[in-house]
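Each ligand, and each atom within it, is numbered from 1 in the order the structure gives.
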Amino acid sequence: MAENLRGPELMEKLVSLCKRRGFIYPGSEIYGGLANSWDYGPLGVELKNNIKQMWWKMFVQRRGDMVGIDAALLMNPKVWVATGHVATFSDPMVECKACHARLRVDNLEGAVMDAGAEGGWNISGAKCPVCGKKDFGVPRQFNMMLQTHLGPVQDETSVVYMRPETAQAMFVDFKNVLETTRRRLPFGIAQIGKAFRNEITPGNFIFRQREFEQMEIEYFIREEESAEQFEHWLDAMKKWLTKIGVAPERLHFVDISEEDRAFYSKRTVDVEYDYPFGQKELYGLAYRTDYDLSKHEQHSGQDLKFTNPDDQKEKIVPHVIEPSFGVDRTLLVAMLEAYHEDIADNELRIVMRFPYWMAPVKVAVLPLSKKEELSVPARMLAQQLREADLAVDYDETQSIGKRYRRQDEIGTPFCVTYDFDTITDGAVTIRDRDTMEQVRVAIPDVAHYISSRL
Ligand code: GAP
C-alpha cells in the first residue's frame with residue numbers, strides 16, 4: 001500500500017478503480033441499486049476465484065488431514081434452533097426518534113451494557129452519530145438471520161433460514177463424513193460458500209455485507225490437544241496472511257476476553273487489520289469446544305460421537321478449533337495492500353502489486369502495431385498461452401505506454417510485446433510489472449517462462 005495513502009482517500013481510489021476496471025460494481029445499478037449489495041465483475045471474479053482456489057489448495061489439498069464439502073445453503077430450520085441462532089443470533093438495535101436512523105447499540109459511543117436498564121443497555125450518555133440528537137427509542141434485540149419460505153404456502157411452517165455461517169454444515173454432515181472417509185482424529189472439514197446476515201449497519205464497501213462468502217474449517221480434536229492445535233491454526237492463518245501479501249505491521253491478533261467471547265468459546269483470537277476506516281476484524285479463530293456437536297446430538301437424537309477404530313473404548317464427542325475467513329474481506333485487504341502509486345516514464349502510474357498467483361490476468365499480449373503482420377501471429381500467441389492455462393488479455397489499441405499503464409492498473413505481472421523483430425528472430429519482449437525489466441524470450445519458451453514465475 002502506498003504509505004501516503006492510508007485514510008478515506010485510499011478507499012475512494014480503490015472503489016473507483018474497482019468500478020472503472022470491472023472488479024466490483026454496485027449491485028442492481030440500472031434499477032438504482034440495492035443498498036450495500038455488490039457484484040463482482042470480470043476481473044473481480046477471477047481475483048476471487050484465485051483466492052478461493054489457493055485457500056483450498058493450502059488448507060485442504062496439500063494436507064492429509066482435511067476434507068471438503070459443499071453443502072446446501074438452506075438447511076432444516078431445526079439446525080438453527082439447536083445452535084441457538086434462532087434464539088440469540090442478534091445484535092442490539094436502537095432507533096433515533098429524531099432522524100429514524102437504526103443503529104447498533106454496541107457501536108454507539110457512550111452506550112454501556114446494563115442488565116438493569118430497559119433492553120439491557122444504558123444509552124443516556126449516547127448521541128445519534130447521524131443527527132447528533134439524544135432522543136432514542138428502547139434498545140431491542142434484532143435477529144440477523146434472513147428468512148424465506150419453501151413451498152407454495154407462506155406461513156410459519158414453511159420458514160427456512162439463509163445460513164448465517166457455513167460452519168454448521170460441517171457439524172451436521174460430521175457423521176456422514178466420518179462414515180465415508182474413515183478419518184482418525186485429528187481431522188478437519190472445510191467449506192467455501194455464501195452466508196447471509198441481515199446486518200443493521202452494513203457498509204464500508206464490501207467489508208460488511210448482508211450477502212457474503214466464507215471459507216471455514218472445523219477441525220476435530222481430542223480435548224487435551226486444544227492448546228497445541230489452537231497454536232497450530234494461529235500459525236497456519238499467519239502463513240496464509242503472508243501468502244496473500246499482508247504487511248505484518250497492519251495486523252493485530254487480539255485475544256478476546258471471556259466476557260466478550262461467545263459463551264461456548266473457550267478461546268477466541270480475532271485477526272484484525274488496519275483498514276482505511278479503522279482497525280477491524282478480518283478473520284476469527286475460535287476454540288468451540290464440543291458445543292456444536294453436543295447440541296446437534298441432543299436436538300437430532302443421533303449419535304455424533306467418534307469411535308476410535310484402534311481403541312473401541314475411546315468414544316468421544318470431539319472438540320473443535322474453528323479458523324474462519326471471510327472471502328470478501330480477504331479480497332478487500334488484498335486490494336488495499338496491492339494498491340500503489342508511483343512514477344513511471346514521468347507519469348503517475350497506478351499499479352496493483354498483487355502476488356503473481358493472485359493476479360486476475362497473468363499475461364497481456366501486445367503487438368507493437370495493429371498491422372496484420374504483427375496482430376495475426378500475436379493473436380495466435382495469445383491463444384497458445386490461454387491453452388497453457390494462463391489468463392491472457394490481448395490489447396492492440398493506443399500507444400504501448402498506455403497499454404502498459406492499463407495492465408499495471410489491473411496488476412498483470414507480465415506484458416509480452418510482439419514487435420517487428422519478432423518476425424525475424426522468433427522472440428518477444430517480456431516486461432515485469434514490478435521491476436519493469438524487459439527480457440527477450442523465444443516464443444516456444446514464453447508459457448514456461450511465465451508459469452514458472454507464478
Ligand atoms: N463460524 C464463525 C463465524 O461465522 P464470524 O466472526 O461471525 O464467525 C467469520 O464470521 C468471518 O466472516 C469474519 O471474520 C469475516 O471475515 C466474515 N464476515 C462476517 N460477517 C460478515 C459480513 N457481514 N460481511 C462480510 N464478511 C463478513
Quiz item: Which protein heavy atom lies closest to atom 3 (C) of ligand 1, and at what distance to 0.1 Å?
Solution: E216 OE2, 3.6 Å
Practice problem: For residues F174 and F306, establish whether the separation of their ring centroids is below 6.0 Å. | Solution: no
Exercise. Taking the six-membered ring of F136 (Phe, Tyr or Trp), confirm whether the NZ or CZ of K127 is under 6.0 Å from its centre and within 45° of its axis.
Key: no
Quiz item: Going by atom types alone, do D270 and Y283 pair a side-chain donor with an acceptor below 3.5 Å?
Solution: no
Quiz prompt | N or O pair under 3.5 Å between E322 and ligand 1 | solution = yes
Quiz item: Is the closest N or O pair between F212 and ligand 1 shorter than 3.5 Å?
Solution: no
Quiz item: In the protein, which heavy atom is nearest to atom 11 (C) of ligand 1, and how far is it?
Solution: S324 OG, 3.7 Å
Self-check item: Atom indices of ligand 1 within 4.0 angstrom of Y283 heavy atoms, with elements
Solution: 14 (O)
Self-check item: Any side-chain donor near an acceptor of the partner, Q407 and D393, under 3.5 Å
Solution: yes
Practice problem: Could you check K78, Q168, Q302 and say which one makes a side-chain hydrogen bond (donor to acceptor under 3.5 Å, both in side chains) with H296? | Solution: Q168
Quiz item: Can a non-hydrogen atom of R288 be found less than 4.0 Å from any atom of ligand 1?
Solution: yes
Exercise. For atom 16 (O) of ligand 1, grab the closest protein heavy atom and report residue, atom and distance to one decimal in Å.
Key: L282 O, 2.6 Å
Exercise. Starting from atom 17 (C) of ligand 1, find the nearest protein heavy-atom neighbour and note its residue, name and distance.
Key: G326 CA, 3.8 Å
Quiz item: With distance as the sole criterion, is a donor-acceptor pair present between the side chains of E272 and Q279 under 3.5 Å?
Solution: yes
Exercise. Using distance alone, with no hydrogens and no angle criterion, decide if H252 and D274 have a side-chain donor and acceptor under 3.5 Å apart.
Key: yes
Quiz item: Any idea which protein heavy atom is nearest atom 25 (C) of ligand 1, and the distance to it?
Solution: F207 O, 3.1 Å
Self-check item: Interfacing atoms of ligand 1 (cut-off 4.0 Å, heavy-atom, A167)
Solution: 1 (N)
Practice problem: Please determine, by modelled atom types, if E281 and Y275 share a side-chain donor-acceptor pair under 3.5 angstrom. | Solution: no
Exercise. Determine, using heavy atoms of D328 and all atoms of ligand 1, whether some pair is separated by less than 4.0 Å.
Key: no
Quiz item: Within 45° of the six-membered ring axis of Y40 and under 6.0 Å from that ring's centre, is NZ or CZ of K48 located there?
Solution: yes
Quiz prompt | Residue, atom name and distance, where the atom is the protein heavy atom closest to atom 10 (O) of ligand 1 | solution = Q214 NE2, 3.4 Å
Quiz item: Who's closest to atom 23 (N) of ligand 1 heavy-atom-wise, of Q209, R329, R197?
Solution: Q209
Practice problem: Please write down residue, atom name and distance for the protein heavy atom closest to atom 14 (O) of ligand 1. | Solution: E281 OE2, 2.5 Å
